[in-house]
Amino acid sequence: MLQIYNSLTRNKVPFHPIVPNKVRLYVCGMTVYDYCHLGHARVLVAFDVVYRYLMARGYDVTYVRNITDIDDKILAKAQELGVPFTAITERFIQAMHEDTVALGTLPPTVEPRATEHIPQIIEMIHNLIARGHAYQGPNGDVYYAVTSFADYGKLSGKNIEDLTAGVRIDIDTFKRNPLDFVLWKTAKPGEPAWEAPWGLGRPGWHIECSAMSTHCLGANFDIHGGGADLQFPHHENEIAQSEGATGQPFVNIWMHNGFVRIDEEKMSKSLGNFFTIREILKSYHAEEVRYFMLSGHYRSPLNYTETNLDNARTALNRLYTAIRGLDLAVTTNATESELAESLESEFVARFHAAMEDDFNTPVAVAVLFDVVRELNKARVEGGDKSIKLGITLRYLSSILGLLNTNPDQFLQGAVSTEIADTEINELIQQRMQARKAKNWQEADRIRNRLLEQKVILEDGPQGTTWRRL
RNA sequence: GGCUGGGUAGCAAAGUGGCCAUGCAGCGGCCUGCAAAGCCGUCUACGCCGGUUCAAAUCCGGUCCCAGCCUCCA
């Protein structure tokens, strides 16, 4: 039985989809005004694994991940560069897609954009006003009245009194309550704007997610995810908006992933201590980044260090080395039931037990290494058992989005420009001659020379193979 | 100040009452021309102080430290 930690109730709950066998999943995606950093990579990978695992369990999953393509920061950047805001969003949407492809994440079922859902946003604001949850201020902006929603604070464990006590004094406010937030923002001259009953303007940040999720998945759906920093106020406000507008319960399970940290501090744009995905990919294979993310539980903080990425590299090398040279063609795109005869059920069961416990990837990964040990032992003997273990390893890894590359390609792949494959092979040939002549000094000289180029040679019964460090 | 989480060996990271996590690194051995890879064995743990229990890293109380949210943020 799959158990998922629900941020709303702060405990693990058995997962029962609202519609049997169907899962509706919404994840807050990116605001596209800059390149994605490792923190974004973590959300992408964490929910990619949730998506993959739910599908592996046989669920028909609708995965919605939105794009925020209208927002103050986007407008600020457009102004700074003197270009239309769409030039900014187009550029960074494309960059984001490049990053998601590089990270090996599956594309979501739908990727809605705020600017393409203005009618739905307007309709929801209209409903909120009609139901007494929203009002138009003297400045023309439309606000959500937090005191009109009795459950406000239920997700983040806050209450209106405490929040009010700590609120900053905002002199030019047109809000009835300092905690009220903008649903519709009146456009200043020159700003992009859409027609609405309350005048030309644009949606506030929180309303778009309510409108898009409801539009794509219905008023009540199964799982809503995002980074832990979105829990308050963003997700709290989404609940207030959606439940206020529809009168129905909004989301059954809220999932929040932990942060990526640098020097024990949250990685974020505002702190300026971030690495973009594309920067990291200059030094590390995307799969190493993914392994690094999965080596910790999705709710725990994850400390970014080069040592940790290097550890991910050696760990992944061990996994790939285990299946190198095995003929596992049969596994391509097969489902678990199709593969049943080819899998070692004990490891499959342990893997599922780990994943069913709130997607416990560190334990699931540990199972992979147990498979590796058995596999390496079986390979000495040869025969069917090693194939079966290899298929098991690759199948289970695929659920985590790992080991999808050809092993030789991965182990010999260059991350940055280094010594060319042809030159490596030439040197290996030279060394082979030296070894035949038992000229060990020359053989070792060549091996050391390659090692300086971060190429490791492995002499086996079938000849010499190589891999990059 | 209010509210969440967390402190596990050299590093990373699970576990949550009694038995092995796991990966890397270290040490010893096997294998190898020597290595590498692999296999076998092995050493470093549960922040601190009390308590409950036959038994606690795991439960309870206290205490110290860390991170996050309360402002845009994945």
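On a predicted model such as this, the values are computed, not experimentally measured, just so you know. The sequence lines fix the lettering, A, B, ..., with proteins before strands; numbering per chain opens at 1.
- At the heavy-atom level, A:G296 lies under 4.0 Å from the strands shown only through sugar-phosphate atoms.
- Between the CZ atom of A:F259 and the P atom of B:rC66 there is a distance of 18 Å, rounded to whole Å.
- With hydrogens and angles ignored, no donor-acceptor pair under 3.5 angstrom links the side chain of A:R324 to the base of B:rG38.
- Comparing the P positions of B:rC59 and B:rG26 gives an interatomic distance of 35 Å, to the nearest angstrom.
- Rounded to a whole Å, the CG atom of A:L271 is 14 Å from the C1' atom of B:rA74.
- Side-chain contact check for A:W466 versus A:L450: every heavy-atom pair is 4.5 Å or farther apart.
- Atom CG of A:D357 is separated from atom C1' of B:rA21 by 14 Å (rounded to the nearest Å).
- Interface remark: the A:R299 side chain does not form any donor-acceptor pair with the B:rG5 base, using a distance-only criterion of under 3.5 Å.
- Between A:F250 and A:F221, the ring-plane angle classifies as perpendicular under the 30° and 60° cut-offs.
- For B:rG38, the paired base is B:rC30 (Watson-Crick or G-U wobble, both distances below 3.5 Å).
- Under the 4.0 Å criterion applied to side-chain N and carboxylate O atoms, A:K266 and A:D229 are assigned as salt-bridge partners.
- Atom name C1', nucleotides B:rU16 and B:rC46: the rounded distance is 11 Å, in whole Å.
- Both the sub-6.0 Å distance and the 45° axial angle are not jointly satisfied by A:K77 relative to the ring of A:Y33.
- Remark: A:K377 is in phosphate contact with B:rC40, judged by side-chain N or O atoms under 4.0 Å from OP1 or OP2.
- A:H235 places its NE2 atom 10 Å from the P atom of B:rA74, with the value rounded to the nearest Å.
- OP1 and OP2 of B:rC20 both lie 4.0 Å or more from every side-chain N or O belonging to A:R350.
- Ionic pairing of A:R290 and A:D48 is present here: one or more N-O contacts between side-chain nitrogen and carboxylate oxygen are shorter than 4.0 angstrom.
- A centroid separation of less than 6.0 Å is found between the aromatic rings of A:Y35 and A:F92.
- When A:V45, A:L302, A:V289 are each tested for a side chain to side chain contact (heavy atoms under 4.5 Å, CB included) with A:L294, only one passes: A:V45.
- With a 3.5 Å ceiling on both atom-pair distances, B:rC20 lacks any Watson-Crick or G-U wobble partner.
- Annotation: B:rA25 and B:rA12 have their C1' atoms spaced 11 Å apart (nearest Å).
- The residue A:S270 sits close to a base: some heavy atom pair falls under 4.0 Å.
- Candidate nucleotides B:rC70, B:rG68, B:rG38 were compared by shortest atom distance to the side chain of A:N376, and B:rG38 ranks first.
- Of the candidates B:rG38, B:rC72, B:rC11, the closest approach to any side-chain atom of A:R318 belongs to B:rG38.
- Counting any heavy atom pair closer than 4.0 Å across all strands shown, A:R379 reaches no nucleic acid atom.
- Between the base of B:rC34 and the side chain of A:D459 there is a donor-acceptor pair shorter than 3.5 Å.
- Taking atom P in both B:rC19 and B:rC73, the straight-line distance is 47 Å, to the nearest Å.
- Both the sub-6.0 Å distance and the 45° axial angle are satisfied by A:R299 relative to the ring of A:Y5.
- One finds a side-chain N or O of A:R467 lying less than 4.0 angstrom from the OP1 or OP2 phosphate oxygen of B:rA37.
- Side-chain atoms of A:A315 lie closest to B:rG23 of the nucleotides B:rA14, B:rG23, B:rC73.
- Within the 4.0 angstrom heavy-atom criterion, base atoms lie near A:N257.
- In a base pair of the Watson-Crick type (N1 to N3 plus N6-O4 or O6-N4) or a G-U wobble (N1-O2 and O6-N3), with each distance short of 3.5 Å, B:rC73 is matched with no nucleotide.
- Contact check, A:N360 against B:rG15: a side-chain N or O comes under 4.0 Å of OP1 or OP2.
- As judged by a 4.0 angstrom heavy-atom cut-off over every strand, A:T305 is placed among residues making no nucleic acid contact.
- Whole-Å rounding puts the A:R373 CZ to B:rC20 P distance at 16 Å.
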Starting from the C-alpha separation in whole Å, work towards a yes-or-no answer on salt bridge (charged side-chain N to carboxylate O under 4.0 Å, His left out) for A:R278 and A:E98.
CA-CA 9 Å; A:R278 48 195 61 210; A:E98 287 164 9; 3.1 Å; yes
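- At a threshold of 4.0 angstrom between heavy atoms, the contacts of A:G258 include nucleobase atoms, whether or not backbone atoms are also involved.
- Between A:H297 and A:T321, the one whose closest nucleotide on RNA chain B sits nearer the 5' end is A:H297.
- Between the CG atom of A:N237 and the P atom of B:rU71 there is a distance of 11 Å, given to the nearest Å.
- When the nearest nucleotides of RNA chain B are assigned to A:I456 and A:G157 by heavy-atom distance, the more 5′-ward of the two goes with A:G157.
- Residue A:W205 has a polar side-chain atom (N or O) positioned under 4.0 Å from OP1 or OP2 of B:rC73.
- Rounded to whole Å, the P atom of B:rA9 lies 14 Å from the corresponding atom of B:rA57.
- Comparing the same atom, C1', in B:rC65 and in B:rG29 gives a spacing of 43 Å after rounding to whole Å.
- Contact annotation for A:V27: no contact, since no heavy-atom pair falls under 4.0 Å across all strands.
- For B:rC69, the base has a donor-acceptor partner in the side chain of A:K158 [N/O atoms by modelled type, under 3.5 angstrom].
- At whole-Å resolution of the value, CZ in A:R468 and C1' in B:rA36 are 17 Å apart.
- Atom NZ in A:K269 sits roughly 9 Å away from atom P in B:rA74 (whole-Å rounding).
- Salt bridge annotation for A:R324-A:E458: present, with a cationic side-chain nitrogen under 4.0 angstrom from a carboxylate oxygen.
- Using a 4.0 Å heavy-atom cutoff across all strands shown, A:N317 reaches no nucleic acid atom at all.
- Nucleic acid contact class of A:E264 (heavy atoms, under 4.0 Å, all strands): sugar-phosphate only.
- When distances are taken from the side chain of A:T31 to each of B:rA21, B:rA74, B:rC34, the shortest belongs to B:rA74.
- On the P atoms, B:rG61 is 36 Å away from B:rG23, given to the nearest whole Å.
- Checking B:rU63 for Watson-Crick or G-U wobble geometry (two distances, each under 3.5 Å) identifies B:rG47 as its partner.
- Taking 4.0 angstrom as the limit, A:R261 places none of its side-chain polar atoms (N or O) nearer than this to OP1 or OP2 of B:rC66.
- The side chain of A:N311 contributes no N or O atom lying less than 4.0 Å from OP1 or OP2 of B:rC11.
- The side chain of A:S268 contributes no N or O atom lying less than 4.0 Å from OP1 or OP2 of B:rG68.
- In the set B:rG33, B:rG2, B:rC70, the nucleotide with an atom closest to the side chain of A:L163 is B:rC70.
- The P atoms of B:rC11 and B:rG47 are separated by 14 Å, rounded to the nearest whole Å.
- Each of B:rC73, B:rC34, B:rC70 was ranked by its minimum atom distance to the side chain of A:F232; first place goes to B:rC70.
- Within 3.5 Å, a donor on the side chain of A:D444 pairs with an acceptor on the base of B:rG33, or the reverse.
- When heavy atoms are screened at a 4.0 angstrom cut-off, A:K438 is found touching no nucleic acid atom at all.
- Within 4.0 Å of A:R313, counting heavy atoms only, lies no atom of the nucleic acid at all.
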